[in-house]
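All remarks here apply to the structure that follows.
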Amino acid sequence: MDQTLARKVNPKSRRKGGAYAVGAEDIYIFPLSESTNLFLQKVWTAFVNKMVSMTLPNGKPVFQYAIFEAIQDKNLKIVASATHFRMKQVTDRIGLQSIDDFIRNTIPISIQDPGNLSARYLREAILSVEKKARPEVYFHSLDDERVHPNLKQLLTKTMNYAAGIPLFVKGFPIGMLWGIRRDNMSPEQEEEVRQQLYSLYDVVDFVISKEMDLKGDPYYARKNIEKSDLHSRAKHLFYTRGFGQAEPVTTIVFDSHTYQRSYRLDASFLIPSGDGYSVSLKRFEPKERNDTGKNLLLIPGFFCRRSVMDKVARELSLRHGYRVFSMDMRGRSRRTLPLFGIREGWTVDDFIQEDFPAVLAWIKENFPNEELVVVGHSMGGMIPRFYCSAYEEIVKRKKDTSVPLPRPEELISGIVSITSPNFVRLQAQIPGLDILKMGLKLVPSKTISDFLFDLTSFSLQTTLPTVDLNKFFKFLLGLHSSLRAVSFDLHAKVVNLRDFVGYKQISPPEWYFLIEDIFCEESTKVVLQFLRSQLSQDRSFLSYDGTLDYTALQKNLKIPLFSVLGSVDKVVPSETIEDDLAALPHKKNKILSYEQGHLGIVFHMPVVKEMCSEIDSWIKGLDST
């Protein structure tokens with residue numbers, strides 16, 4: 001057995017008699033209170049889900065398996081388990097029999113059992129926490145003879161090494177969390193895992209303590225744990241008044257051990273938009289900023305929350321030193337909706353003509369001496385391009401003056417458009433769509449698409465203001481199973497998440513993250529606007545009323561544009577981007593391509609790093625003559 005591992009896990013011999021110093025052997029572990037246990041039962045799946053989603057700096061997953069041993073009366077028992085191979089079933093919410101069987105086959109181990117190493121580690125952790133220190137992280141060879149027989153029988157041939165940390169809430173232990181992998185780790189990898197587990201320890205304690213105090217929703221506790229950034233460690237938490245906000249803003253100061261930089265995260269600034277809606281901004285503020293004098297605004301795409309841009313946001317902020325705002329448009333969260341509910345849906349025009357200019361005006365008011373570069377993915381790249389190029393037309397037509405319309409050239413110094421089309425021409429396979437499009441060639445396309453648009457609008461608009469992504473794809477594809485099941489059938493010849501994400505390296509935890517956190521409901525009107533463009537034969541993206549051709553107006557774009565393409569993107573193929581953008585005259589314009597798909601280009605970390613480096617270089621060159 002590896003000598004280092006042996007040194008870390010050898011238990012000390014039990015002392016005879018008494019002594020002044022309190023040792024781990026003396027510690028009594030109390031059962032969990034009933035209220036704590038009931039809350040944890042609804043949350044502890046997040047512990048194991050987060051464990052198997054941990055990655056090394058190169059993006060490779062750390063663990064293939066995770067288990068959580070909870071304190072259950074006078075025993076420790078495995079109560080939650082996750083694997084790369086079973087996160088599909090976790091996401092489906094069905095087919096959990098194998099995980100349930102695994103947990104049922106686990107036998108509770110008495111905390112007093114001399115062979116219960118997890119109990120030993122919990123006692124040592126209590127001593128550490130009492131001294132205001134974090135518990136030790138334990139690295140363990142599962143070939144070790146000290147592994148309890150009740151656990152030994154559960155191990156498979158790919159379960160060879162483990163790393164674990166005791167978890168605490170409000171100073172009391174709740175159990176032992178283990179990640180399990182096939183291969184041993186190098187000392188550098190161990191240190192990386194140690195830092196991430198310390199971060200996870202802090203997150204679990206903070207989130208559960210806060211939610212239990214507020215009698216909060218376990219769902220949000222699970223989501224906050226699963227979304228946490230384990231590459232950084234929270235140092236301070238404040239509730240701030242930030243920039244005239246009516247409600248307090250949650251402000252957390254982090255130390256990032258991955259980027260070796262401290263930063264501040266503010267979530268969220270709420271900015272009023274039109275018709276009672278709001279826009280929500282999250283801010284990444286690095287301790288040391290670069291000297292470009294430019295802020296960045298990141299905008300997600302169709303059906304996506306701002307979390308989809310988190311890797312890009314952290315890379316641009318923490319590696320390259322930009323103040324980064326990440327934007328959630330209306331409808332992405334409850335806080336962005338009118339107080340008295342949704343009267344009707346919203347359109348892409350509302351994103352372009354109300355939400356985006358409201359954010360521009362807010363940034364201009366609060367950072368008057370700094371310029372802005374807008375970085376948008378998919379539809380998020382269309383919004384700034386269409387606003388800037390159609391600005392004069394928007395000003396002429398706008399009747400509601402409650403939302404200001406800042407002149408783009410006075411604030412925006414550049415636009416980065418990532419896999420963002422000028423019109424919609426989906427190449428992913430939708431059964432029956434090709435036949436429909438062939439039929440459109442026999443008659444004027446605008447007539448048919450407008451007819452379908454008006455008919456569908458009339459039937460859906462008054463009854464269904466928003467569309468859930470699962471229900472939308474089920475409707476579109478005529479499927480009778482949920483999208484979650486379809487998303488994992490990687491060979492299905494339909495629009496599935498592989499088409500949408502578009503890169504083969506994606507892991508099951510990332511699928512889970514997409515389904516559970518990234519995708520949101522979308523307005524029926526937005527869906528119909530994209531449907532019109534998809535069915536049209538005239539290479540255009542029109543306003544909802546059909547009177548404004550945003551694509552044609554792009555010839556007016558005077559702001560420098562950096563367009564990033566995905567060469568294997570089936571959702572936004574390069575033909576919908578290259579020709580029109582190549583014709584734009586600005587000498588600072590740039591087009592760059594990566595062999596990635598639609599979401600893979602903002603998810604796959606090696607590409608994110610290279611792309612953000614290119615973006616940084618392009619931004620720094622904007623002021624040169």
Side-chain angles (χ1 to χ4, degrees), residues 211 214 216-224 227 239 242-250 266-283 297-310 325-363 376-380 382-383 387 398 400-404 457 460-472 475 514-530 544:
E211 292 296 330
L214 300 175
D217 188 339
Y219 171 82
Y220 288 105
R222 291 198 307 272
K223 293 302 105 183
N224 286 331
K227 288 163 49 179
Y239 292 99
F243 303 110
Q245 295 288 297
E247 299 295 327
V249 174
T250 302
D266 295 281
S268 297
F269 301 109
L270 290 179
I271 301 164
S273 186
D275 299 325
Y277 290 94
S278 296
V279 179
S280 175
L281 286 185
K282 178 169 64 176
R283 179 176 71 160
L297 173 64
L298 274 55
I299 309 178
F302 188 45
F303 268 121
C304 288
R305 294 185 177 93
R306 65 190 177 200
S307 303
V308 76
M309 302 291 280
D310 275 357
F325 294 97
S326 193
M327 175 178 173
D328 259 346
M329 296 167 288
R330 64 178 69 191
R332 269 48 181 167
S333 69
R334 288 183 297 186
R335 299 182 74 192
T336 64
L337 297 174
L339 290 176
F340 301 105
I342 307 173
R343 294 183 296 276
E344 60 180 45
W346 54 88
T347 68
V348 180
D349 307 291
D350 294 323
F351 295 151
I352 296 169
Q353 301 180 25
E354 293 189 351
D355 291 357
F356 180 62
V359 170
L360 290 183
W362 185 89
I363 292 176
H377 173 256
S378 190
M379 182 182 69
M382 298 165 66
I383 290 169
Y387 176 78
K398 197 69 173 173
D400 181 7
T401 59
S402 62
V403 177
S457 297
L460 291 180
Q461 188 174 318
T462 56
T463 59
L464 189 64
T466 63
V467 174
D468 180 89
L469 184 66
N470 296 333
K471 295 176 182 177
F472 170 62
F475 162 76
L514 284 167
I515 292 291
E516 293 296 313
D517 187 59
I518 295 296
F519 293 134
C520 60
E521 292 187 7
E522 186 58 274
S523 167
T524 307
K525 291 182 176 180
V526 171
V527 175
L528 293 173
Q529 226 170 323
F530 274 89
Y544 189 79

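In this text, all values refer to a predicted model and were calculated from it rather than measured experimentally. Residues take their numbers from the sequence shown, with the count starting at 1.
For Pro357 against Pro404, the heavy-atom pair with the smallest separation is CB-O, 3.3 Å. Contact between Ala358 and Ile271 at its shortest, heavy atoms only, is O-CG2, 3.8 Å. Of all the heavy atoms in Pro272 and Leu270, the pair that sits closest is CD-O, 3.9 Å. Residues Pro300 and Val308 come closest through the heavy atom pair CB-CG1, 3.7 Å.
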For Tyr239 and Val249, run side-chain contact (heavy atoms from CB on, under 4.5 Å): C-alpha distance rounded to whole Å, both residues' side-chain angles, the deciding distance at 0.1 Å, then the answer.
CA-CA 5 Å; Tyr239 292 99; Val249 174; over 6 Å; no
Checking Val359 against Phe325 for the side-chain contact (heavy atoms from CB on, under 4.5 Å) test, could you report, in this order, the C-alpha distance in whole Å, the side-chain angles of both residues, the deciding distance, and whether it holds?
CA-CA 10 Å; Val359 170; Phe325 294 97; over 6 Å; no
Stepwise, does the side-chain contact (heavy atoms from CB on, under 4.5 Å) test hold for Glu354 with Trp346?
CA-CA 11 Å; Glu354 293 189 351; Trp346 54 88; over 6 Å; no
Begin with the C-alpha distance, continue with both residues' side-chain angles, and end with the deciding distance and a verdict on side-chain contact (heavy atoms from CB on, under 4.5 Å) for Met329 and Asp350.
CA-CA 10 Å; Met329 296 167 288; Asp350 294 323; over 6 Å; no
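Remark: Phe243 pairs with Phe269, Trp362, Phe367 by the ring pair (Phe, Tyr, Trp, His ring centres under 6.0 Å) rule, at least two apart or across chains. Qualifying side chain to side chain donor-acceptor pair (under 3.5 Å) partners for Asp328, counting only residues two or more places apart in sequence or in other chains: none. Under the side chain to side chain donor-acceptor pair (under 3.5 Å) criterion, Gln353 pairs with Tyr550, sequence neighbours left out. With sequence neighbours excluded, the residues forming a side chain to side chain donor-acceptor pair (under 3.5 Å) with Ser307 are Asp517, listed by chain and number. Legend: residues meeting salt bridge (charged side-chain N to carboxylate O under 4.0 Å, His left out) with Asp349, ordered by chain and number and at least two apart, are absent. Ser268 meets the side chain to side chain donor-acceptor pair (under 3.5 Å) test with Ser280, Arg306; sequence neighbours excluded.
Taking NE2 of His377 as the start and CG of Leu298 as the end, the distance is 11.0 Å to the nearest 0.5 Å. A distance of 9.0 Å separates CE in Met309 from CG in Leu297, rounded to the nearest 0.5 Å. How far CE of Met327 is from CD1 of Ile383: 6.0 Å, rounded to the nearest 0.5 Å.
Using a distance-only test at 3.5 Å, with no hydrogens or angles considered, no donor-acceptor pair links the side chain of Arg332 to the main chain of Arg305. In this structure, the side chain of Asp217 engages the main chain of Tyr219 through a donor-acceptor pair within 3.5 Å. Thr336 contributes a side-chain N or O that, together with a main-chain N or O of Gly331, makes up a donor-acceptor pair within less than 3.5 Å. Panel note: side chain Asp355, backbone Arg330; a donor-acceptor pair is recorded below 3.5 Å.
A salt bridge does not link Glu211 with Arg222: none of the charged nitrogens is closer than 4.0 Å to a carboxylate oxygen.
Glu247 CD: 12 or fewer foreign heavy atoms inside a 6.0 Å radius.
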